[in-house]
Amino acid sequence: MSLLGEIERNPPAVEDRGVLRFITAGSVDDGKSTLIGRLLHDTRAIFEDQLAAVARASSKRGQDALDLSLLTDGLEAEREQGITIDVAYRYFATPRRKFIIADTPGHEQYTRNMVTGASTADAAVILVDARKGVLPQTRRHTYIAHLLGVRHIVVAVNKMDLVGSDEATFECIRRDFLAFASALGIVDLRCIPISALRGDFVVERGELMRWYRGPTLLAALEEIDVADEADALPLRFPVQLAVRPGAGTDFRGYSGRIESGAVFRGAEVLALPSGRRTVVKDIVCLESSLPVAVAGDSVTLTLADDIDISRGDLLAEPTLPPRAAKSIEARLCWLSAQPLDARALPVARFVLKHTTRSVRAKLVSLNSRVDVDTLERHTKPTSLAMNDIAHVALALAQPLFVDSYELNRATGSFILIDEASNQTVAAGMIDG
Amino acid sequence: MSAVLESARAGRTALPLRSHLDWLESEAIFILREVAGECANPVLFFSGGKDSIVLLRLAEKAFRPAKFPFPLMHIDTGHNFPEVIAFRDARAVELRERLIVRSVEDSMRRGTVKLRRSDESRNAAQSVTLLEAIAEFGFDAAIGGARRDEEKARAKERVFSFRDEFGQWDPKNQRPELWNLYNTRVAKGEHMRVFPISNWTELDVWQYIERERLAVPSIYYAHRRPVVRRNGLLVPVTEITPPREGEKLEELSVRFRTVGDISCTCPVESDAATAAEVIAETALTTVTERGATRMDDQTSEASMERRKKEGYF
């Protein structure tokens with residue numbers, strides 16, 4: 001919570017770069033909770049009473065030192081087991097940016113939590129223990145982050161103090177990681193040597209690694225530029241609500257969030273599924289009328305023509321429309337503890353939620369399962385268990401308007417809901 | 001790319017970047033509209049407190065010029081600060097939205113709430129009245145102003161948080177929540193709690209109050225009030241919370257950071273008379289909102305989690 005304090009010390013206007021969401025991933029003993037504790041502590045997002053509670057809990061467990069990991073392990077069950085079992089969200093801010101951390105567990109059974117955290121993340125901080133180097137779990141976490149479309153990867157090589165702050169050790173890990181990452185097609189990757197325990201190169205530069213000239217972890221996170229990624233794509237505006245207040249007004253508008261691209265007054269848009277073209281008359285938000293709105297903005301549009309549009313419809317860029325699909329191929333992460341037997345596919349009933357539209361769906365085939373450690377594909381799996389990632393084919397009761405997940409996260413993603421239990425059983429990413 | 005986008009892009013350069021408040025606001029509006037689009041019979045908890053005041057502003061931005069697609073509801077413990085109740089009623093009238101009030105005292109008369117002592121905090125008893133009200137109206141979604149930064153158990157709660165037919169939260173069996181694809185499906189008798197400002201912090205809330213020039217009950221700002229010091233907290237002296245024997249009455253300049261049930265809500269010393277001054281204090285404060293103000297959260301490390309499992313907000 002240092003926002004105002006910093007501004008007062010540093011009066012020239014500080015640019016507010018909005019929000020950066022990132023996930024942290026690492027193996028069990030990589031020091032992830034300590035790193036998060038360090039980030040929160042050194043940006044002054046931890047309060048005295050929280051520290052006091054951590055001190056009480058630490059001593060109750062017979063620990064002398066303050067265990068910063070207790071700050072982030074929220075639920076009773078986790079405190080009993082000493083591991084993080086679910087995604088927790090943490091917040092801190094600097095004068096330049098607000099940060100949302102999705103703290104995802106490193107335990108190998110919990111791929112689904114990492115998938116969940118990564119689905120909304122702009123960046124991933126992958127922890128590597130400097131003594132151990134790149135492990136199978138490191139590769140798995142990096143693969144999942146990449147699969148979920150996380151474009152910016154920061155590798156924090158932790159516990160540098162335990163390897164004598166040795167530059168050669170760091171270089172070796174960095175080369176290992178780069179080789180693996182470039183094979184995956186990761187473009188933005190940065191490695192930073194840190195000591196979460198001592199704080200070196202987390203928020204402060206520290207004394208340990210004078211040979212390292214790059215930014216601290218926090219500075220690297222502050223610099224990541226996410227503003228243009230979704231704006232640069234063609235317009236996708238899934239309609240959430242048609243607004244017709246009635247009674248004494250002829251106002252008719254369509255509310256939603258611009259998921260990609262931009263709209264402005266006078267812009268031509270294509271309404272789907274009707275296929276009608278019309279023109280944006282105005283962009284309104286409460287009393288104000290906006291000349292232009294871009295990806296991420298929640299707005300209400302009024303249109304020049306009175307055409308039938310309702311929740312679940314999509315307004316799109318007419319020259320680059322999405323693809324209409326009644327069958328799709330996708331990568332699916334199975335989230336349910338209940339495994340899916342391939343023989344049960346003909347009778348399994350799902351609701352597929354895509355943007356603001358839900359349709360009935362059937363899984364037609366399980367084409368292959370991906371081994372997330374070796375990245376090998378095993379064809380025609382007989383079942384899917386929790387944490388499995390598979391290539392599948394689906395048939396839809398009504399057409400959806402889709403893009404490939406790689407191109408557009410919002411129109412390329414979906415969840416599968418079991419119609420009987422109402423549970424969310426899988427997350428899907430549509431292939432190109 | 002098309003001329004459409006190029007001209008939009010040219011327009012874009014004149015626009016400021018989206019600030020963190022713009023980002024949070026847009027996300028919250030999206031969530032409120034998802035409730036309206038997917039839930040048959042939602043309700044929004046409005047207590048007159050600052051977080052629910054922010055919710056109402058977000059609802060205006062999400063739904064105007066139409067009416068809200070839900071009524072407002074307050075679960076009244078009967079132990080309220082009069083300024084807050086007056087504000088609550090005035091705001092509902094001003095917005096021309098329907099306000100439902102259900103009271104813990106009615107549950108006590110019905111016998112569904114039994115307190116061990118008459119001066120016991122009624123905060124936990126709210127869960128009973130709340131679940132009774134949800135059943136009475138058949139609400140399938142209840143929108144609340146809880147934030148994940150408030151408390152450790154809340155940090156793991158979903159934006160759309162499922163409650164079973166007993167109103168219980170099962171933290172170990174939460175629905176995975178991916179992208180912005182919320183699974184809103186419930187069976188009869190079950191419901192969703194929805195938290196549009198999950199990702200906001202106390203500082204964000206005050207910055208938004210300042211930016212949007214939102215009115216809040218006067219006790220959020222510095223005023224003089226008789227208090228006693230108890231267990232490191234300042235306890236307001238009222239009819240419901242008289243001083244205990246041997247406690248020294250002091251009159252201090254204080255403000256409230258939260259305005260819950262009188263019997264468990266404490267003010268902090270402050271001279272902040274405006275939102276900007278509260279922001280400056282909030283940025284420098286060293287104690288959490290609940291730590292400084294709530295007697296009921298300190299009873300054990302897991303007290304919030306237990307209450308939430310039982311149906312609390």
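In what follows, chains are A, B, ... by sequence order, proteins preceding strands, each numbered from 1. What you see below is based on every heavy atom in this structure, not just the backbone, and it leaves out hydrogens, waters and symmetry mates. For clarity, every value in this text was computed on a predicted model and none was experimentally measured.
Among B:E27, B:E190, B:E177, the residue with the largest count of heavy-atom pairs under 4.5 Å with chain A is B:E177.
Residue contact with chain A, scored on non-hydrogen atoms closer than 4.5 Å, involves the backbone and the side chain of B:W179 alike. Both the backbone and the side chain of B:F63 have a heavy atom closer than 4.5 Å to some heavy atom of chain A. Residue B:A28: no heavy atom, backbone or side chain, is found under 4.5 Å from chain A.
Judged purely by atom type and a 3.5 angstrom limit, B:R18 uses its side chain to pair as donor or acceptor with the backbone of A:A295. At distances below 3.5 Å, at least one donor-acceptor pair connects side-chain atoms of B:S26 with backbone N or O atoms of A:G296. In this structure, A:Q240 contributes its side chain and B:F30 its backbone to a donor-acceptor pair below 3.5 Å. A distance-only check finds no donor-acceptor pair linking the side chain of B:K61 to the backbone of A:C285 [under 3.5 Å].
With contacts defined as side-chain heavy-atom distances shorter than 4.5 Å, the pair A:Q423/B:R175 qualifies. A heavy-atom distance below 4.5 Å is not found between the side chains of A:S413 and B:L178. Proximity of A:K353 to B:R185: side-chain heavy atoms (C-beta onward) are nowhere separated by under 4.5 Å.
Annotation: the span from A:R257 atom CZ to B:E34 atom CD amounts to 8.5 Å, rounded to 0.5 Å. Taken to the nearest 0.5 Å, the CG atom of B:N199 stands 4.0 Å off from the CD1 atom of A:I100. With rounding to the nearest 0.5 Å, the separation of NZ in A:K98 from CG in B:L24 is 5.0 Å.
Minimum interatomic distance between A:L286 and B:E60 (heavy atoms only, all atoms of both residues): CD1-O, 3.3 Å. Minimum heavy-atom separation, A:V243 to B:A66: CG1-CB, 4.0 Å.
For the residue pair B:R158 / A:T116, no side-chain donor-acceptor distance below 3.5 Å is found, with atom types taken as modelled.
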